[in-house]
Amino acid sequence: MSSILQQDAYAPTLIEPRWQAEWAAAGLYAVDTAANDDRLPFYCLSMFPYPSGRLHMGHVRNYTLGDVVARIKRMQGFNVLQPMGWDSFGLPAENAAIQKGVAPEAWTFENIDYMRGQLQRLGFAYDWQREVMTCREDYYKWTQWLFLQLYKQGLAYKKEAPVNWCPVDQTVLANEQVIEGRCWRDGALVERKRLSQWFFKTTAYADVLLDNLDTLPGWPERVKTMQKRWIERSYGSRVKFIVRRLAQPAAEFGARDGAQGNQGAENDFIEVYTTRPDTLFGVTYLALAPEHALVDKLTTPEQRDAVLAYCEAAKNKPEMERVAEGKAKTGVFTGGYATHPLTGEAIPVWVADYVLAEYGTGAVMAVPAHDSRDFEFANTYGLAVREVISSDGKSAGINSEAYTAYGVLLNSGAFNGLDSESAKTEITKSLDDRGLGARKTQYRLRDWLVSRQRFWGAPIPIIYCPSCGTVPVPEAQLPVKLPAAVDVDFKAKGKSPLASVEHFVNTPCPSCGGPATRETDTMDTFVCSSWYFLRFVDPHNTERPFDPALIAKWLPVDQYVGGIEHAILHLMYARFFMMALADAGLTGSISNQEPFKNLLTQGMVLKDGAKMSKSKGNVVDPDEILKTYGADTARFFILSDSPPQADFDWKDSGVEGCFRFLQKVWRLVVDWQPVLDLTLPEPDLATLSGEQKAVYRATHQAISGISADIENAFQFNTVVSKLRELVNALSAMPKASDAEVCASRSFAVATLIKLLAPICPHMAEALWEKLGMFARTGSIHTQAWPSANPAALVPDALTIVVQFNGKLRAEFTASPDASKADLEASALALPKVQSLLAGQSLVKTIVVPGKLVNFVIKPA
RNA sequence: GCCCCGGUGGCGGAAUGGUAGACGCUGCGGACUUAAAAUCCGUUGGUAGCAAUAUCGUGCCGGUUCAAGUCCGGCCCGGGGCACCA
């Protein structure tokens with residue numbers, strides 16, 4: 001007796017491994033991307049993980065969302081590609097080497113093996129034959145190859161520039177990796193350094209990266225807005241102010257007015273960028289960033305000490321402090337002057353750290369009257385404020401704050417009376433005529449700094465030769481392999497650990513054969529992850545990174561799923577890569593092709609309303625959940641309580657509830673098994689009545705509602721609700737066995753299993769087999785997604801609501817095709833309606849067929 | 001400061017301008033059991049009432065509409081992004 005009970009109990013720990021093994025053996029999820037297939041391709045991709053050690057609940061949520069989409073699309077008749085791999089270069093592996101003495105490679109592969117096992121135990125339908133690891137030679141060979149293609153195109157270059165340096169990670173960072181002045185990984189205050197580094201020219205694609213966002217309706221607005229603000233395009237002008245007097249040795253001091261014709265000095269000018277050329281006549285000083293190249297030349301001997309001290313202090317200040325909120329603006333006069341391009345006036349030149357070296361020209365024309373920052377600065381240092389714009393062109397005075405709006409010009413010579421818009425054009429034209437200015441479009445986006453002073457990354461394939469200069473590694477010599485970890489000094493400070501490996505560094509020049517040295521920096525791991533979605537389509541290609549014909553066939557990714565934290569970083573870099581590679585003719589795609597058609601960014605997983613963290617001790621371990629409840633319960637629960645985009649609150653009682661639900665489904669089917677026959681055809685609506693009709697209708701309502709929720713941005717939380725509703729309707733049926741009951745119930749059960757299959761793949765398969773269907777039709781996961789019968793969705797009777805002045809007062813039932821007049825008559829016939837109408841005058845009656853009758857009344 | 005996104009029961013959350021609170025969690029009451037677990041049934045926004053019912057109720061204040069959680073205007077609060085971008 002008890003053994004029979006046990007046999008029939010829901011036992012995920014038995015079911016799940018069995019079916020995982022069967023699916024793998026049958027190659028159920030393998031795809032041949034090159035084969036001809038009648039089905040349309042559908043590329044479903046979840047962001048591949050960093051092999052940190054073990055999965056966390058965020059991963060479980062991310063990959064469940066992706067997997068359910070993939071499984072539904074397969075049932076809907078698409079040829080689905082769903083691969084998985086590992087973003088496996090990165091600093092934690094190197095830290096493990098430093099702290100535990102483990103080789104980064106060994107540490108990484110051990111983690112991958114464990115996490116792969118976890119993914120497999122969760123039952124995700126990945127084509128594991130396509131697994132890629134960015135840290136393996138067969139992958140980073142092509143990362144290096146792609147670097148060389150960008151280098152050839154002039155999209156990869158080296159330059160000395162002020163860069164962000166993380167003192168903890170001992171490496172430089174891209175702008176995108178600095179969050180509020182701190183390192184994105186460890187929160188350390190970022191320092192400024194001037195270093196020679198490799199960049200990718202993302203700015204070459206600034207316009208496309210920006211404008212294309214409007215062609216991506218399948219992306220969340222939030223992500224698009226963040227990228228737009230990051231790239232930020234502004235239209236303005238560049239203006240040259242000729243330097244009046246170069247700082248010279250003390251002997252020349254005093255030659256202030258002789259600057260005009262100074263030979264050799266004409267070429268020295270300060271160029272500024274402004275979006276407001278209409279305010280040009282209001283310039284009362286110029287401000288240079290402390291890093292500006294002309295600071296030294298302009299500074300007079302008597303100002304030298306002050307300026308030097310100021311610049312030195314600015315350089316040493318952490319970026320965070322320099323731009324801190326509400327910080328008072330500071331600066332120092334250089335003693336130098338420049339000539340206003342239109343008035344010829346001498347304009348004093350200051351150094352101020354509120355001017356950013358990296359934006360525009362690193363110098364600004366200050367217009368205190370019409371810019372709040374310049375106004376504040378001018379007030380602090382007693383500089384002139386000259387009003388040149390007002391709402392009507394008459395002086396209104398500048399008092400407590402700058403007038404920053406557009407208006408009409410005054411105090412602007414020939415341009416007086418023009419409105420701001422036309423003045424911008426006219427003034428720029430006038431500057432252009434004198435060769436002192438031109439229109440300029442400026443971006444906030446800067447080039448992507450890709451070199452890192454770290455070991456565990458793809459080496460940059462460049463060689464420096466004393467006679468030939470910078471020489472790219474010939475393609476035939478790729479990959480440039482990382483040396484064995486035993487040879488590396490991981491604790492080297494301020495330079496790449498690779499620099500400590502002599503046999504790596506020293507190499508013959510590929511060009512002249514003479515002694516040369518390798519670049520010792522490696523690439524940002526975001527470079528590796530900027531093209532992995534292309535490699536998945538053709539992962540075993542040894543001739544090239546991927547076959548362009550396959551890219552043309554499978555890209556863009558139809559559905560991408562991942563965390564919002566990549567809104568700018570990865571998602572912008574990948575877009576840049578896709579476009580740059582298309583322009584290099586590598587992808588078989590058109591120019592400006594976007595890599596990801598639809599993007600789903602899932603929210604965080606919280607525990608009882610709080611962020612999970614080790615320090616709070618509230619981390620839920622997926623392994624524990626798998627052990628206790630199984631994968632199907634975990635998958636079902638993680639989809640249940642919140643829409644995918646919102647944060648999800650993990651509650652132990654919630655998992656329990658889902659486990660109970662799955663047990664209930666199992667019990668229901670097992671109990672009914674003797675009277676079920678899933679080979680019966682779908683019942684005919686016309687022959688059904690009463691309870692059978694109700695169940696049949698509930699089945700089609702579930703199909704219709706669930707399919708609609710999936711179309712509507714994958715609202716899986718309501719999908720789960722509707723599955724529960726169907727089960728509730730089913731479990732209300734008595735256990736009988738006449739033919740009609742059997743037909744409508746068998747149809748309902750078959751449908752339930754299909755609808756459940758993407759979310760709970762193991763249980764669905766097990767029930768499918770239990771009912772004899774696996775042997776007949778094969779896996780549940782190869783069945784067609786059910787479609788709703790519209791006729792079955794129309795109910796026999798509707799509840800019609802009666803309102804008085806919009807307030808609910810009564811209800812009655814009516815047939816769905818009752819006319820307006822019928823409904824009004826039925827409502828009026830209600831005793832309650834009569835009593836409410838007594839003594840009132842009826843102003844009008846609104847009838848919404850199928851919904852309500854509203855009587856608008858007022859006291860008689 | 002600017003730009004997004006939110007604010008609905010004890011909780012997570014549902015609601016093409018048309019019955020607010022689907023579905024679940026929790027709580028409470030009951031059945032079954034020697035007992036417990038499991039399961040099943042009922043109930044669960046506030047107030048008043050034995051009840052039928054009435055009345056209030058979707059952050060706040062106004063507006064549009066026969067009808068507003070939903071649309072419009074103005075605030076408040078929470079979360080996120082950017083942060084001297086000239």
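Both backbone and side-chain heavy atoms feed into the values below; hydrogens, waters and symmetry mates do not. Below, chains carry the letters A, B, ... as their sequence lines are ordered, and counting in each starts from 1. Quantities reported herein were computed from a predicted structural model and do not represent experimental measurements.
With a cut-off of 3.5 Å on both pairing distances, B:A86 has no Watson-Crick or G-U wobble partner at all. Nucleotide B:C23: paired with B:G12 (Watson-Crick or G-U wobble, both distances less than 3.5 Å). Nucleotide B:A51 is matched to nothing when pairs are restricted to Watson-Crick or G-U wobble geometry with both distances under 3.5 angstrom. B:C2 and B:G81 make up a base pair, with Watson-Crick or G-U wobble contacts both under 3.5 Å. Within the shown strands, B:G59 is the pairing partner of B:C75 under the Watson-Crick or G-U definition, both distances less than 3.5 Å.
A:Arg809 has a side-chain polar atom (N or O) that falls below the 4.0 Å cut-off from OP1 or OP2 of B:U55. OP1 or OP2 of B:A54 lies within a sub-4.0 Å distance of a side-chain N or O belonging to A:Lys832. A close approach under 4.0 Å does occur between a side-chain nitrogen or oxygen of A:Tyr359 and OP1 or OP2 of B:A86.
Counting any heavy atom pair closer than 4.0 Å across all strands shown, A:Glu725 reaches sugar-phosphate atoms only and no base atom. The residue A:Gly657 sits close only to the backbone: its heavy atoms come under 4.0 Å of sugar-phosphate atoms, none of a base. Among the heavy atoms of the strands lying under 4.0 Å from A:Arg444 is at least one base atom, whether or not backbone atoms are also near. If you check every strand for non-hydrogen atoms under 4.0 Å, A:Ser234 touches sugar and phosphate atoms only. Using a 4.0 Å heavy-atom criterion, one finds that A:Arg229 contacts the bases of the nucleic acid, with or without backbone contacts as well. Note on A:Lys329: a base of the nucleic acid sits closer than 4.0 angstrom, heavy atoms only. Across all strands, A:Asn728 comes closer than 4.0 Å only to sugar-phosphate atoms, never to a base (heavy-atom distances). Residue A:Glu232 is classed as a sugar-phosphate contact, given heavy-atom separations below 4.0 Å to backbone atoms only.
Distance check on atom C1': B:U39 versus B:C77 gives 45 Å, rounded to whole Å. Comparing the C1' positions of B:A15 and B:A83 gives a spacing of 38 Å, expressed to the nearest Å. B:U64 sits 12 Å from B:G17 when the C1' atoms are compared, rounded to a whole Å.
Under 3.5 Å, the side chains of A:Gln442 and A:Tyr359 contain no donor-acceptor pair of N or O atoms. Using modelled atom types, one finds no donor on one side chain facing an acceptor on the other under 3.5 Å when comparing A:Arg575 with A:Tyr573. In summary, the side chains of A:Asn717 and A:Ser642 do not present any donor paired with an acceptor at a separation below 3.5 Å, with no hydrogens or angles considered.
Of the candidates B:C4, B:C25, B:U16, the closest approach to any side-chain atom of A:Arg222 belongs to B:C4. Closest to the side chain of A:Asp371, out of B:A86, B:U26, B:G18, is B:A86. Among the nucleotides B:U39, B:A86, B:G13, the one closest to any side-chain atom of A:Arg667 is B:U39. Distance from the side chain of A:Met226 is smallest for B:G81 among the nucleotides B:C3, B:G13, B:G81.
Glycosidic torsion of B:G73 falls outside 90° of 0, placing the base in anti.
Of the residues listed (A:Gln177, A:Arg229, A:Glu176), the one engaging A:Ile568 in a side-chain contact (heavy atoms from CB on, under 4.5 Å) is A:Glu176, and it is the only one.
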Please assess A:Tyr285 against A:Phe377 for the test ring-ring contact (aromatic ring centres under 6.0 Å, His included), listing each intermediate value before the final yes or no. CA-CA 10 Å; A:Tyr285 67 99; A:Phe377 190 84; 5.3 Å; yes
Start with the C-alpha distance between A:Phe637 and A:Phe661, add both sets of side-chain angles, then the distance that settles ring-ring contact (aromatic ring centres under 6.0 Å, His included), and finish with yes or no. CA-CA 10 Å; A:Phe637 177 51; A:Phe661 173 76; over 10 Å; no
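Rounded to whole Å, atom C1' of B:C66 lies 12 Å from atom NZ of A:Lys820. For the pair A:Lys224 NZ and B:G81 P, the computed distance is 20 Å after rounding to whole Å.
Residues A:Glu811 and A:Thr225 each lie close to RNA chain B; by heavy-atom proximity, the contact nearer the 5' end of the strand is made by A:Thr225.
Cation-pi geometry between A:Lys240 and A:Phe269 is met: under 6.0 angstrom from the ring centre, within 45 degrees of the axis.
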